Amino acid sequence: MYWLVKSEPSVYGWEQLVKDKKTSWDGVRNYAARNHLKAMKKGDEVLFYHSNEGMEIVGIAKVDKEFYQDPTTDDANWVVVDLKPHKKLKKPVTLSQIKTDKRLQEMALVRLGRLSVQPVTEKEWKIIMELAGENS
DNA sequence: GCCAACGTTGGC
DNA sequence: GCCAACGTTGGC
């Protein structure tokens, strides 16, 4: 499956993930986002989106470890997954590109702007790859 | 820095 | 269980 996660670069950006080699995606405190975390499988590919600054998809991460208890809280409601960087996009795909592409109007990124972890359909994934200049 | 959108909380 | 109030996120 395919996913998209957002992060503010000033808090935790793509460069930081590359530097760290791996990170646990903690701090998710939203039930919808949490449910998506729980549905992630090892090896799933995850678009890495920069919110606020940049406002673009900059790279692809992969799920390295499936969900487990969020170590930053004792509340059993919350979980994290481990992500590792997979590849940086040749060309970042900006929010405005996505918003102007007729084929991507149904994307959660457009419709549910505030959701921090969201699923991406295979169709959408292919379009993003095309916009990013990736030929896979 | 403002404000719209949305989720959550809490009073009834 | 409804809904108003409030807080947070994120685009602009």
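Chain A is the first sequence line, chain B the second, and so forth, proteins listed ahead of strands; every chain is numbered from 1. In this text, all values refer to a predicted model and were calculated from it rather than measured experimentally.
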- [ ] Calculate the interatomic distance between A:Q118 atom CD and B:dC6 atom C1'; express it in whole Å.
- [x] 14 Å
Task: Phosphate OP1/OP2 of C:dC12 contacted by A:K99 side-chain N/O (<4.0 Å) - done: yes
Open item on the list: What's A:L115 touching, base or sugar-phosphate or nothing? Going by heavy atoms closer than 4.0 Å.
Closed with: nothing
Open item on the list: Tell me the closest heavy-atom pair linking A:R29 and A:T72, and the distance in Å.
Closed with: NH2-OG1, 3.4 Å
Task: Aromatic contact, A:W25 with A:F48 (centres under 6.0 Å) - done: yes
Task: Strand contacts (DNA chain C) in residues 28-38 of chain A, 4.0 angstrom heavy-atom criterion - done: none
TODO: First locate atom CH2 of A:W78, then atom CD of A:Q69, and finally report the distance between them rounded to the nearest 0.5 Å.
DONE: 11.0 Å
Task: Lys/Arg N to Asp/Glu carboxylate O, A:E134 vs A:K87, below 4.0 Å - done: yes
TODO: Round to a whole Å and report the spacing from CD of A:E53 to P of C:dG10.
DONE: 13 Å
Open item on the list: Under a 4.0 Å threshold between the charged nitrogen and the carboxylate oxygen, would A:R103 count as salt-bridged to A:E130?
Closed with: yes
TODO: Could you give me the CA-CA distance, side-chain angles and deciding distance for A:E15 and A:K19, then say whether salt bridge (charged side-chain N to carboxylate O under 4.0 Å, His left out) is met?
DONE: CA-CA 6 Å; A:E15 301 306 326; A:K19 207 173 127 196; over 6 Å; no
- [ ] Nearest whole angstrom, please: distance from the P of C:dG11 to the CD1 of A:I98.
- [x] 10 Å
- [ ] Using atom OH of A:Y49 as one end and atom C1' of C:dT9 as the other, report the distance to the nearest whole Å.
- [x] 12 Å
